[in-house]
Each structure stands twice: as C-alpha cells, then as structure tokens.
Amino acid sequence: MAARQALIAVANAGSSSLKFALYAVGEGGVLSLQLRGLVEELDRAPHFIARDATGQTVAERRWAEVLGHDAALEQAIEAVQQLLPGMHVVGVGHRVVHGGAAHDQAVVVTPALMAELEELIPLAPLHEPHNLAPIRLAWRRLPGVPQVACFDTAFHRSNPAIAQMFALPQELHDAGVRRYGFHGLSYEYIAGRLAELAPDVAAGRVVVLHLGNGASACALQGGRSVASSMGFTAVDGLPMGTRSGNLDPGVLLYLVQQRGMSVPAIQDLLYKRAGLLGVSGISSDMRVLLESDAPRAALAVDLFVYRVVREIGSLAAALGGLDALVFTAGIGEHAAPVRARVLAQLGWLGFVPDEAANAAHAQRITQAGSRASAWVLPTDEELMIARHTLALLEHKE
C-alpha cells in the first residue's frame with residue numbers, strides 16, 4: 001500500500017469481543033478494505049486474528065489468561081502498526097450501542113457527547129462502557145484525529161411514536177423509559193444492500209432477522225425501520241446466546257421477592273446465564289446445539305425457532321403484511337437448519353422455500369413462484385460505520 005494512504009479505522013467493541021477494520025479512502029470517497037480483525041472470548045480463552053482484504057490470515061495469537069478490553073485494544077493497535085506501516089488514520093468510527101432518544105444519526109465525538117453517553121450506561125451496562133473505551137484510547141493514541149460515534153439505536157428513531165412507547169406513566173416515558181431498538185447499523189446496511197439487489201423488494205414490507213449471539217428482528221417499510229423486537233435494552237425480544245429475550249416483568253418480581261435475588265444477580269442471569277445457554281445447559285453456540293443429540297440442546301433450538309416465528313408474525317402485523325424476509329448475522333447467514341425450520345412455518349405468509357438453495361446458503365432461498373421472498377445477506381456493520389465516519393469528515397471539510 002502506498003505510503004501515507006488515508007485510512008478510516010473502525011472499532012466495534014462488544015461485551016466479550018472487539019472487532020476492528022481499516023479502509024483505504026480512494027477516489028470519490030470509495031472505501032476499500034485493507035485489514036479486518038477480531039479479538040474474541042476476552043473473558044474465557046482470548047483469540048486474536050487479523051485478515052487482509054482477501055480473507056487471508058496475516059496475524060493470529062491466543063492467550064491462556066483472561067484478556068481485558070484495554071489489552072485487546074492495545075493488541076489490535078500493535079498489529080495494525082506492524083501490518084500497515086506508513087498508515088495515516090484520518091478518522092476513527094466507533095459502534096456505540098446506545099445513543100438515546102436524541103440521536104438519529106452518527107455524530108463527531110466531543111467531550112460533551114461523551115458525558116452524555118456515559119449517562120446512558122445504565123441502559124446498556126454490558127455494552128456501552130466497552131463501546132466508549134476505544135474512544136478514550138484513540139484520543140490518547142491518536143490525538144487530533146476525529147472520532148465518530150455510530151449508534152445502534154439511531155436507525156430505529158424512524159419508528160412511529162406509538163411503537164416507541166410502553167404502557168407506563170408519561171413521566172417515565174419523558175425520563176427515557178421507552179423502546180429504542182438495537183442492531184441498527186446491521187439493519188441499515190442490509191436495507192441498503194437489499195435495495196441494490198432487489199429494489200422492488202426493498203421498497204415493500206420486509207422483516208430482517210439479525211440472528212447471532214445477540215438476536216433481534218426489525219420491520220422495514222421502504223427501507224426505514226418501523227418496529228423492532230428489542231426495546232428499552234438489548235436483552236429484550238428474541239432469546240439470544242446468553243440473554244433471555246422477552247420476559248414477563250412478574251418473573252423479576254418473583255426472583256426478588258421469593259428467591260431473594262439481588263439486582264446484580266438478576267442482571268447476571270438475564271445477560272449471561274439465560275438464552276440458548278440457559279435452556280440447553282450446554283452452550284450458547286448454535287453450531288454446538290445443532291450438532292448435539294442432547295434433548296435440552298434440541299429444546300433450546302426449538303424455543304429459538306418458535307420465538308423467531310412468533311416475532312415475524314408480530315412484525316408482519318405491524319407492517320400490514322409481508323413481502324420479504326432477510327436472514328443475517330452468524331446464525332442467520334450460516335445455520336441452514338434454523339432458516340429451513342423458520343420458513344417451513346411461514347407458508348401462511350406466502351413463503352415457498354427452496355431447500356437446495358437454502359442448503360447451499362444461496363442469496364435467495366425461496367422458489368421462483370413464491371409470493372414472498374426470503375434472502376440470506378451477510379451484514380457488514382464495520383463498513384456501515386466507515387461510511388458514516390467518512391461522510392462526517394467530508395461534511396466537516
């Protein structure tokens with residue numbers, strides 16, 4: 001790569017992982033991937049891997065001890081400096097899970113914004129602190145380089161006001177107790193990608209399923225979010241790898257009043273010991289569950305599929321019908337058996353599955369005569385963040 005090539009860096013920090021990517025800025029603002037990496041399982045057996053634009057592994061390392069987010073960030077920076085000598089980072093984009101009700105688009109980070117986002121930490125306690133840590137580190141390591149916050153909640157600010165409400169007193173709504181929705185960067189990317197591939201489909205009523213370790217569903221009308229399965233926090237909605245998903249509030253009262261559980265214990269249960277892991281007692285990984293012959297592994301998969309199908313019905317009702325379904329993220333992109341079971345229960349909505357196409361992970365997995373179409377589209381949150389970052393930098397100029 002040419003010396004002093006302008007680069008956009010992206011940091012996507014999760015509760016137990018850190019993804020990063022670097023994009024070269026070409027003529028006309030065209031972004032081209034140079035390096036993509038991941039530090040995963042930070043709280044168990046950390047694994048670092050970096051790949052070039054072709055997908056070739058160019059660096060890899062494992063640790064026997066737990067690795068914190070700060071150490072993971074330092075490892076990523078060190079690898080980037082070695083692999084991309086002469087790099088010139090002109091901007092850093094960050095995924096920030098919660099932007100609150102005030103932000104419907106990405107923004108340049110300022111000290112005032114950071115103070116505002118720190119106040120939102122109680123709304124996303126397992127994500128927001130890790131999202132903000134790379135911003136602080138970049139301020140120290142790259143002084144003067146603009147930082148951009150890209151919010152997972154921003155895409156859902158287009159939801160009708162009634163879709164953002166709980167049936168609670170107005171005072172609580174005004175204080176911020178409302179439905180926010182998450183995974184917005186993924187949905188925004190998929191909305192744009194579907195518009196490129198099938199503009200007629202994208203213009204209609206679409207449900208996107210972001211099914212990964214975190215899972216949610218979003219109803220799109222003409223490419224805009226109108227409803228989401230996630231609400232006040234990212235623990236709502238569908239069952240996830242270790243998160244419970246939707247839960248009767250009375251269960252929480254029972255756990256406090258009858259089981260004597262503390263708030264930290266309940267938080268640990270809902271975020272880390274529930275979902276696929278809690279039901280199966282085996283693993284939070286859908287791949288492991290699909291390969292297992294244990295009855296509770298099968299039960300966890302059954303419950304996951306059941307809840308996904310129910311959520312699709314709910315979002316179809318919000319849309320007044322359904323023209324297309326999109327599967328994305330780890331489970332959505334790779335777990336053909338899960339997709340097959342979901343589609344098998346959606347004949348009433350006009351889906352006619354193409355079993356061979358689904359098994360081959362094809363782009364379209366419904367038959368030509370199917371009234372409603374189903375798609376498998378890889379998401380790319382990092383590219384979406386890079387685009388927002390570049391757009392704001394160009395606007396500043």
Side-chain angles (χ1 to χ4, degrees), residues 1-14 18-37 50 69-70 72-81 83-100 102-121 124 127-155 157 184-186 188-189 192 380-397:
M1 184 171 55
R4 306 298 292 173
Q5 168 71 62
L7 295 174
I8 297 291
V10 171
N12 184 345
L18 169 69
K19 298 177 184 177
F20 64 91
L22 286 101
Y23 297 85
V25 182
E27 289 290 329
V30 175
L31 292 167
S32 58
L33 179 66
Q34 302 298 300
L35 188 69
R36 186 189 295 273
H69 281 75
D70 287 348
L73 284 165
E74 293 290 354
Q75 176 66 30
I77 291 172
E78 180 181 326
V80 168
Q81 290 174 335
L83 296 168
L84 298 176
M87 67 173 186
H88 175 44
V89 175
V90 296
V92 184
H94 302 267
R95 174 186 176 229
V96 178
V97 164
H98 218 303
H103 298 290
D104 60 0
Q105 57 188 351
V107 294
V108 174
V109 178
T110 63
L113 177 70
M114 284 293 282
E116 178 186 341
L117 297 180
E118 285 168 354
E119 293 182 1
L120 296 174
I121 287 176
H127 294 85
E128 198 88 351
H130 302 312
N131 299 157
L132 302 183
I135 298 177
R136 297 190 187 95
L137 181 62
W139 266 343
R140 296 196 302 269
R141 296 292 297 269
L142 298 170
V145 176
Q147 316 286 319
V148 173
C150 302
F151 304 109
D152 252 346
T153 50
F155 186 65
R157 299 284 58 77
L185 291 162
S186 175
E188 184 179 9
Y189 177 83
D380 196 335
E381 293 172 316
E382 288 75 38
L383 179 56
M384 200 73 246
I385 293 168
R387 288 173 176 171
H388 283 304
T389 301
L390 181 60
L392 279 174
L393 294 182
E394 290 177 339
H395 179 72
K396 283 185 68 179
E397 295 173 358

Review point. Tyr189 and Leu383: which non-hydrogen atoms are nearest, and at how many Å?
Key: CE1-CD2, 4.0 Å

Point to revise | Test item: Gln5 side-chain N/O and Val25 main-chain N/O as donor-acceptor pair under 3.5 Å | key: yes

Point to revise | Interatomic distance, Asp380 atom CG to Leu185 atom CG [nearest 0.5 angstrom] | key: 11.0 Å

Review point. If we only count heavy atoms from C-beta on, is the Val92 to Val145 side-chain gap below 4.5 Å?
Key: yes

Check your understanding: What distance do Leu132 atom CG and Met114 atom CE have between them, rounded to the nearest 0.5 Å?
Key -> 4.5 Å

Revision key, fill the gap. Here the pair of heavy atoms bringing Ala124 nearest to Val97 is CB-CG1, 4.2 Å

Exercise for review: List the atom of Pro129, the atom of Ile121, and the distance in Å for their closest heavy-atom pair.
Suggested key: CG-CG2, 3.8 Å

Exercise for review: Indicate yes or no: at least one non-hydrogen side-chain atom of Arg140 is less than 4.5 angstrom from one of Leu137.
Suggested key: yes

Review point. Can you find a heavy atom in the side chain of Trp139 that is under 4.5 Å from one in the side chain of Val109?
Key: yes

Practice item. Not counting sequence neighbours, which residues clear side-chain hydrogen bond (donor to acceptor under 3.5 Å, both in side chains) with Asp152? List them please. Key: Arg95

Exercise for review: Mind listing the closest non-hydrogen atom pair of Thr153 and Gly100 along with its distance?
Suggested key: OG1-N, 3.9 Å

Study note, to complete from the structure: From the list Asp104, Val107, Asn131, Leu120, side-chain contact (heavy atoms from CB on, under 4.5 Å) with Phe151 holds only for Val107

Review point. Do Asn12 and Leu18 touch side chain to side chain, with heavy atoms closer than 4.5 Å?
Key: no

Review point. From Arg36 CZ over to Lys19 NZ, what is the distance, rounded to the nearest 0.5 angstrom?
Key: 8.5 Å

Review point. Are the side chains of Leu117 and His98 in touch, meaning some heavy atoms are under 4.5 Å apart?
Key: no

Study note, to complete from the structure: Residue set satisfying salt bridge (Lys or Arg N to Asp or Glu O under 4.0 Å) with Arg387, at least two apart, ordered chain then number -> none

Review point. Is the shortest heavy-atom distance from the side chain of His94 to the side chain of Gln147 under 4.5 Å?
Key: yes

Practice item. List the atom of Cys150, the atom of Ile385, and the distance in Å for their closest heavy-atom pair. Key: SG-CG2, 3.8 Å

Point to revise | Spatial distance of atom CG (Leu22) from atom CG (Leu31) [nearest 0.5 Å] | key: 11.5 Å

Check your understanding: Is any side-chain heavy atom of His103 closer than 4.5 Å to a side-chain heavy atom of Leu113?
Key -> yes

Check your understanding: Closest heavy-atom contact between Gly91 and Thr389?
Key -> C-CG2, 4.2 Å

